[in-house]
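A, B, ... follow the sequence lines: proteins, then strands. Residue 1 opens every chain.
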Amino acid sequence: MTNQEVAKLLRNVAAAYSIKDEKKYRFQIIAYQKAASSIETLTKQLKDLYKEDDLNNIPGVGESIKNHLLELFKTGEVSHFRTVMGQVSQAVFPLLDIPSFGPKKAYKLTEHFNLTNPKTVIADIKKLAQSGQIAELDTFGEKSQKDILQALDEYSKGAGKTTRMVLPVANNIAQEVIKYLKKSKDVKQAYALGSLRRMKSTVGDVDLAVSSSNPQGAIEHFMNYPYKSRMIEKGTITASFLTSGKQQVDLMVLPPKQLGSLLQHFTGSKNHNVALREHAIKKGYSLSEKGIKLKNGSLKTFSSEEDFYNFLGMDWIAPEMRENKGEIELAIKRNLPKLVSLSDIKGDLHTHSNYPIEPSHDLGINSMQEMVDKALDLKYEYIGFSEHNPSVSMHTEKQIFSILSKRKAHIEQLNKSLKNQKTNNKNVRVINLLEVDILASGKIALPESCFDLVDAFLVSIHSSFGMEKKAMTERIIKGMSSPKAKILSHPTARMINNRPGINPDWGEIFEFVAKANKALEINSWPERLDLPDDLVFEAKAKNVKFIINTDSHAASQMDNMFYGVSVARRGWLTKNEVLNTKNDADFSSWINSK
DNA sequence: GCCGTTTTCGGCCCGACTGTTTTCAGTCG
């Protein structure tokens, strides 16, 4: 059972409790939901923690839920859960992933129409709505019935509560809508907030905030956005619509003097905000998007987010850190890490040119010279070319040696001409790297005779993703043990929304990497963002060093560095832990070290 | 059911919007 599935199970238990008696079980419901969200963000599989007898340190999981989990992994089910969930129709649960359906609505419908089959319940509800029977139900009406059909229709096309966009998709929507918003005289400033501002690897819906002295006017303008498919809601300070691509955009508008609390509130995360408000209660304050309610009941407003945090007795916290992982405590102690930023980056070490290396995977589309020009634009001091190794099955060892010899000479020639061209103190040095597969056996996909034709390897996994934990761990460590292997590229090999990624013992790999003076890559490709931020956070605690790379297959893609830096920031990395913030001389001495 | 820089008992974030009501329940973030 995966963490996702366990989390869903706990949420279902919470839903069953709220159906039974929401008041009576109020705090159990919150506890189960908290445990679910905590389990969802674990970096280790619960099942592994269970095997290692290590279920004691999961936040939100106490004695009671821990014992339920023990029973779950031991026997495959939990008698307490069965009792609680058995009191409602099993047909309730599939409905809970449909937007606008909560426990109460799902229960009322399944109960009244006696729906018991979880496999057909969605189709059953659709038929009932189409035949007009739902509108006749108490507390339902024509509009609710229509809304249900709408929600079911969108759900069938993939719009569930859990579907999420990758960052560039969300970013494009946000920029489009912001550009449109700024055309209105009622819009002073507009910002992208929520998980997009926190740069989470995926975004559920696009949250925007506007400061305006005429919120109604701003909302009207927002609602006239030309590329929307339908309105979801529209109030006096908030509104939402679905874009033509069926992505949800939420807006909140407040006057400029309340912009600080608005930014803070709408950036989240939910867990960060809850923790911040619990902290504020101890001081006698109550926080909301409107400002801070003081003990005497008056509302203090903030035009800047910095002032809002400062008033609570803490430093401003970078949005990427706002996940309630201890950032509030550090902000109070005025001891937050100074996060790495894009301008700290001095080189990109994972790029693919179109140099004819006859690789096992894809080539890039631009020449080395074109990629170098882009590196100069970005004011880098160095760029590493790391095309895939020549295909081992298609070539003899001799042929590979010949290809790599020519490539080495080509790079040396390129460096020579770059040195002579040096202008305006702008120069860049080319580093001769190679991305080499770690085969299932742990062997490197390159003959040893060719090792000296390259300065260093990025090693990576491109096949046999499903290996057992222990075998996978050994494979990676063996692959990284070659003295030339300095960087483990896109370590989990995940593809967001597509492939889950491998499951080795990360703790063991982190220890190896730190001890052997090697580095883990943070891959900036938006569908990868790999190492994922939560594992970066863990690896940092084990003194692992990182390199942020773009994995570009075209010069223009080197701009993706921004996304990788965001992953690093979400993992709380400072400049010291990111090796490609070093100057050329220092970086060179690391990459050539044995 | 969880948790501890006021607590091993007694607390537990805060508000917006809609559809159905005529003061609220349900959902969402």
Side-chain angles (χ1 to χ4, degrees), chain A residues 10 13-15 17-19 22-38 56 58-69 80 84 95-96 98-109 134-148 150-151 161 193-195 198 203-209 215 219 231-240 248 250-254 258 261-262 264-293 299 313 324 328-329 332-333:
Chain A
L10 295 179
V13 175
Y17 268 131
S18 34
I19 291 166
E22 185 158 57
K23 286 216 172 71
K24 183 173 166 194
Y25 297 110
R26 192 167 147 217
F27 297 111
Q28 278 90 335
I29 294 166
I30 294 171
Y32 272 92
Q33 286 168 340
K34 260 194 179 163
S37 97
S38 160
N56 296 309
I58 304 168
V61 175
E63 261 319 287
S64 172
I65 293 182
K66 187 187 88 179
N67 285 327
H68 293 324
L69 292 178
H80 176 66
V84 178
L95 296 175
L96 298 178
I98 299 170
S100 82
F101 276 75
K104 306 296 178 59
K105 192 190 280 185
Y107 177 69
K108 261 188 206 161
L109 290 171
I134 289 180
E136 291 161 19
L137 211 58
D138 242 16
T139 73
F140 287 78
E142 287 293 338
K143 185 65 169 61
S144 317
Q145 181 171 269
K146 222 176 112 199
D147 290 348
I148 286 173
Q150 176 92 258
K161 281 180 196 170
L193 305 179
S195 45
R198 302 200 312 281
V203 176
D205 42 44
V206 174
D207 295 323
L208 303 178
I219 298 244
M231 187 254 273
I232 294 173
E233 64 178 35
K234 180 179 156 209
T236 55
I237 66 168
T238 72
S240 308
Q248 184 168 336
D250 297 335
L251 175 72
M252 187 177 279
V253 190
L254 283 172
Q258 289 175 309
S261 52
L262 172 59
Q264 197 290 317
H265 166 83
F266 218 17
T267 296
S269 66
K270 183 179 172 166
N271 289 339
H272 173 84
N273 283 359
V274 169
L276 198 65
R277 285 169 192 171
E278 280 169 355
H279 166 78
I281 285 176
K282 291 176 194 154
K283 299 189 155 213
Y285 302 142
S286 171
L287 311 185
S288 78
E289 63 269 35
K290 305 273 175 66
I292 300 181
K293 212 181 275 170
L299 183 74
N324 193 28
I328 294 174
E329 292 74 8
I332 292 168
K333 290 187 205 146

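- Under the salt bridge (charged side-chain N to carboxylate O under 4.0 Å, His left out) criterion, A/Lys234 pairs with A/Glu220, sequence neighbours left out.
- With sequence neighbours left out, A/Glu142 forms a salt bridge (charged side-chain N to carboxylate O under 4.0 Å, His left out) with no residue at all.
- Among residues two or more places apart in sequence or in another chain, the side chain to side chain contact (heavy atoms under 4.5 Å, CB included) test is passed with A/Ala31 by none.
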Using a cut-off of 4.0 Å between protein heavy atoms and nucleotide atoms, how would you tag nucleotides 16-22 of chain B 5' to 3' with B, S and -? SSSSS--
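- Applying the side chain to side chain contact (heavy atoms under 4.5 Å, CB included) criterion to A/Lys143, with sequence neighbours excluded, gives A/Asp147.
- A straight line from CG of A/Asp250 to P of B/dC28 spans 12 Å, rounded to a whole angstrom.
- Every residue meeting the salt bridge (charged side-chain N to carboxylate O under 4.0 Å, His left out) condition with A/Lys66, not counting sequence neighbours, appears here in chain and number order: A/Glu63.
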Protein-to-nucleotide contact annotation, 5' to 3' order, nucleotides 2-10 of chain B [B base; S sugar-phosphate only; - none; under 4.0 Å, heavy atom]: SS-------
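- Judged as a side chain to side chain contact (heavy atoms under 4.5 Å, CB included), and not counting sequence neighbours, A/Glu136 has no contacts.
- For A/Phe140, there are no ring pair (Phe, Tyr, Trp, His ring centres under 6.0 Å) partners two or more places apart in sequence or in a different chain.
- Taking atom CG of residue A/Leu96 and atom C1' of nucleotide B/dC28, one finds them 14 Å apart after rounding to whole Å.
- The distance between atom NE2 of A/His265 and atom C1' of B/dC14, rounded to the nearest whole Å, is 8 Å.
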Check nucleotides 25-27 of chain B against the protein and report each pair of N or O atoms closer than 3.5 Å, with its distance, or say if there are none.
{"residue": "B/dG26", "atom": "OP2", "partner": "A/Lys104", "partner atom": "NZ", "Å": "3.1"}
{"residue": "B/dT27", "atom": "OP1", "partner": "A/Gly102", "partner atom": "N", "Å": "2.7"}
{"residue": "B/dT27", "atom": "OP1", "partner": "A/Gly102", "partner atom": "O", "Å": "3.0"}
{"residue": "B/dT27", "atom": "OP1", "partner": "A/Lys105", "partner atom": "N", "Å": "2.9"}
{"residue": "B/dT27", "atom": "OP2", "partner": "A/Lys104", "partner atom": "N", "Å": "3.4"}

Report the C-alpha distance between A/His80 and A/Asn67 in whole Å, list the side-chain angles of each, state the deciding distance to 0.1 Å, and finish with yes or no for side-chain contact (heavy atoms from CB on, under 4.5 Å). CA-CA 10 Å; A/His80 176 66; A/Asn67 285 327; over 6 Å; no
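- Between the C1' atom of B/dC13 and the CD atom of A/Gln264 lies a distance of 12 Å, rounded to the nearest Å.
- Every residue meeting the side-chain hydrogen bond (donor to acceptor under 3.5 Å, both in side chains) condition with A/Gln248, not counting sequence neighbours, appears here in chain and number order: A/Asp250.
- Under the side chain to side chain contact (heavy atoms under 4.5 Å, CB included) criterion, A/Ile281 pairs with no residue at all, not counting sequence neighbours.
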